[in-house]
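In what follows, chains carry the letters A, B, and so on, assigned in the order in which the sequence lines appear, proteins first and then strands, with residues in each chain numbered from 1. Only this structure's heavy atoms are used, side chains among them; waters, hydrogens and symmetry mates stay out.
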Protein chains: 2
Amino acid sequence: MKKTNITIKDIARKLGVSPSTVSRALKDHPDISPQTKKEIQELASSLNYQPNSVALSLRQSKTHTIGVIIPEIAHFFFSAVISGIEDIAHSAGYHVIITQSNESFEREVMNTKALFNSRVDGIMLSISRETNNYQHLQNLLDNNVPLVFFDRMVESLNACKVIVNDEQGAYEATTHLIEQGYYRIAHLAGPQNLGISKNRLNGYKAALADNKYMMDDNLVKVCGLGTYEEAEAITNELLDYRFPPDAIFSNNDVAAYGAMTAIKKRGLRIPEDVAIVGFSNWRFSSLIQPALSSVTQPGFKMGQEATRLLMKQIALGDDEEAITETISLKTNLVVRESSLKKKKPAVS
Amino acid sequence: MKKTNITIKDIARKLGVSPSTVSRALKDHPDISPQTKKEIQELASSLNYQPNSVALSLRQSKTHTIGVIIPEIAHFFFSAVISGIEDIAHSAGYHVIITQSNESFEREVMNTKALFNSRVDGIMLSISRETNNYQHLQNLLDNNVPLVFFDRMVESLNACKVIVNDEQGAYEATTHLIEQGYYRIAHLAGPQNLGISKNRLNGYKAALADNKYMMDDNLVKVCGLGTYEEAEAITNELLDYRFPPDAIFSNNDVAAYGAMTAIKKRGLRIPEDVAIVGFSNWRFSSLIQPALSSVTQPGFKMGQEATRLLMKQIALGDDEEAITETISLKTNLVVRESSLKKKKPAVS
DNA sequence: TTGAAAGCGCTAACAT
DNA sequence: ATGTTAGCGCTTTCAA
């Protein structure tokens, strides 16, 4: 006695009118008389009628759904992105279908196909590590499917992109330390084959240069392993210098933690003796490292911007030329009160 | 010159056959002659034909999509759940639509409606904090929509549930400490109005009782604020006892971190002098707290199990009686080598 | 072995 | 102001 989803037909039959009348009444079409309109709407709500979006989608060839392909959901940065996507999509009346590539090329291809078959109105993705063939994405573009890349994009494809400006983030973090009055700022860098690490090092260098600080190569140490023990050891080397650094800009949170450990073990104070600012995706960094300021990736915002871009594309008629915008997001410098040493005196 | 999604009709026209023949050929129906079948399949693939799932869904009133309502995506536990959901759903050929309630009742209701309208084949949800009226969920059940709760469920509703056995997890953690030879085990408890905290305290008590340990009320401290500073202060109280604890079982990772800080500041060693085991949702706990063992919630598994349950329900005919199974998942005790003091000697 | 026709639920152009 | 009809893309009975 279940399984009886109310349809427009049902309502029409009960009221002795035609389905089209019901359809019009339910969407408050001006042609329908107030009288019938009222009857229909009342019956509909008392029957708890819910329109079948599938039928609508077929009719209008529009699903009001966007597809997302993400390398790994259970990663703080990406889940923040999803959250941002959901935020904008939801308020625009869109659903979000999430798929995961798990960094596998094959799954990425499967997912694009499946999303296309579902006739999503647009797709946003961050390509997997393995991906170096872009035919599946080119297919989408050829079929006029709105496409937006976030975080990891394909340079050569003619689509919208949202990325993070790491260099600028590093620049800002370093400048912050300079403004706080630190004068010997070391950098725990990441492996230099990663673009991301290189950009951060460049930002660091640029900030030093712009502030007329001498660049001292001894203060830049690459942490190749990425363990905190490594960072701890490297920090110890730095602290053993005759002129040790009084601040450290770290490429990531693991290294920052290693540095913190080394500094504390020596009985030095953070940030009075040595300050630390590092890039971080750490959800709980404020809890764990109350003395550390950090530079965070704006995942939520990235999701929002990517979705806005996608919405714009979707709104475009199918004949109009696709837009290909690239948004470069600023990182957030999260400064904790307790990590401030001194303000630069106002210039007199 | 775009926007021409290939349909079955297109193929039929080009080959001078009927749409039904094409449909059959594409799904390898035995009635079609090998000859035409081959022609059709070849043309389809060369045209890169992709079946329109929306039309399929309408036809079969089956969307192969499941809906998820989650309080907050960017939370490690929940994103792990999503990951588990995706894992199972994907291999069963299902899509996953994610929605977020943001702990708001209103949004939860909107989301259930929207998912229902999308005619998802089933819904999984963790209710929001605000939710205390269940009409929207009852509606789903009345409409025969398969429903599975995970983590936060509604006792009174007749649906499948997947939860975590916190009491058992606490029991196991405490037992672990006992087996390692610790004999004075304190508990940093959570606010006792939360079922979850109560369950963990109960597990702790049960473990002590089963091992013939004296229950000492002085060793159970409630951390009401939930800050790590509070936990640090409370730990200090404990350590000031004439007979201080040699192990701490903590209700959560924040308290564990506070305890760790207090212990380290006194120059005591972990785990030799005082061991800590705590419940944790911490993604990076292994990195940050290499000396701490922890009890983690099996989020991924929860997602998997919930999805399996949902699939089972979906597979059920609409006439058959709905099943209402409840699965209680074991927590994971993550033991780090460095947190082991001594093994209990084998009984001679 | 293939085709014609109906229908999933809804809407919109075209009657009336 | 309301009804009729056709069609979105696909499957599936039924007929040939």
Visitor: With sequence neighbours excluded, tell me which residues meet salt bridge (charged side-chain N to carboxylate O under 4.0 Å, His left out) with B/K38.
Guide: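 Checked B/K38 against salt bridge (charged side-chain N to carboxylate O under 4.0 Å, His left out); matches are B/E42.
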Visitor: Quick check on contacts: within residues 44-58 of chain A, what sits under 4.0 Å from DNA chain C by heavy-atom distance?
Guide: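 Heavy-atom contacts with DNA chain C come from A/Y49, A/P51, A/N52, A/A55, A/L56.
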Visitor: List the atom of A/I8, the atom of A/Y49, and the distance in Å for their closest heavy-atom pair.
Guide: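 Looking at all heavy atoms of both residues, the closest pair is CG1-OH, 3.4 Å.
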Visitor: Which residue, A/K312, A/Q304, A/M311, forms the side-chain contact (heavy atoms from CB on, under 4.5 Å) with A/R308?
Guide: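 Going through A/K312, A/Q304, A/M311 one by one, the side-chain contact (heavy atoms from CB on, under 4.5 Å) with A/R308 is satisfied by A/Q304 alone.
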Visitor: Name the one of B/L157, B/L140, B/L141 that satisfies side-chain contact (heavy atoms from CB on, under 4.5 Å) with B/Y134?
Guide: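 Testing B/Y134 for a side-chain contact (heavy atoms from CB on, under 4.5 Å) against B/L157, B/L140, B/L141 leaves exactly one candidate, B/L157.
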Visitor: Using chain B heavy atoms and a threshold of under 4.0 Å, write down where along DNA chain D the contacts begin and end, 5' to 3'.
Guide: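 Contact span on the strand: D/dC8 to D/dT13.
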Visitor: What is the first contacted nucleotide of DNA chain C and what is the last, in 5' to 3' order, if contact means an atom lying under 4.0 angstrom from a heavy atom of chain A?
Guide: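 From 5' to 3', the first and last contacting nucleotides are C/dC8 to C/dA13.
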Visitor: Would you kindly say whether B/H64 and B/S53 are connected by a side-chain donor-acceptor distance under 3.5 Å?
Guide: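 Distance-only check fails for B/H64 and B/S53.
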Visitor: Against the six-membered ring of A/F150, is A/R152 placed for a cation-pi contact (under 6.0 Å from the centre, within 45° of the normal)?
Guide: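 No cation-pi geometry.
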Visitor: Working to the nearest 0.5 Å, report the span between OG1 of B/T131 and CZ of B/R107.
Guide: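 Going from the OG1 atom of B/T131 to the CZ atom of B/R107 covers 12.5 Å.
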Visitor: Among A/L58, A/T63, A/L56, whose side-chain contact (heavy atoms from CB on, under 4.5 Å) with A/Q60 holds?
Guide: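 That would be A/L56.
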Visitor: Identify, residue by residue, the members of residues 30-38 of chain A with a heavy atom below 4.0 Å from DNA chain D, and return them in order of residue number, or none.
Guide: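 The answer is A/D31, A/I32, A/S33, A/T36.
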Visitor: Can you name the nearest heavy-atom pair linking A/V22 to A/V17, along with the distance?
Guide: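 The pair with the smallest heavy-atom distance is CG2-CG2, 3.7 Å.
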Visitor: Quick check on B/N158: does its CG atom have over 12 non-hydrogen neighbours (other residues, nucleotides or ligands) under 6.0 Å away?
Guide: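 No, because the 6.0 Å sphere around CG of B/N158 holds 12 heavy atoms or fewer from other groups.
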Visitor: Compare every heavy atom of B/A89 with every heavy atom of B/T307, then report the nearest pair and how far apart it is.
Guide: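 Looking at all heavy atoms of both residues, the shortest contact is CG2-N, 3.8 Å.
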Visitor: B/L147 and B/Q313: which non-hydrogen atoms are nearest, and at how many Å?
Guide: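 Heavy atoms of B/L147 and B/Q313 come nearest at O-NE2, 3.3 Å.
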Visitor: Examine A/H136 together with A/F116 and report whether their ring centres are nearer than 6.0 Å.
Guide: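 So the answer is no for these two rings.
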Visitor: Under 6.0 Å from the NZ atom of B/K301, do we count more than 12 heavy atoms belonging to anything else shown?
Guide: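 Count not over threshold, so no.
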Visitor: Which value, rounded to the nearest 0.5 Å, describes the distance between A/Q135 atom CD and A/T112 atom OG1?
Guide: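 If I round to the nearest 0.5 Å, the distance is 10.5 Å.
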Visitor: What residues from residues 12-26 of chain B pass a heavy-atom cutoff of under 4.0 Å to DNA chain D?
Guide: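 Listed by number, they are B/S20, B/S23, B/R24.
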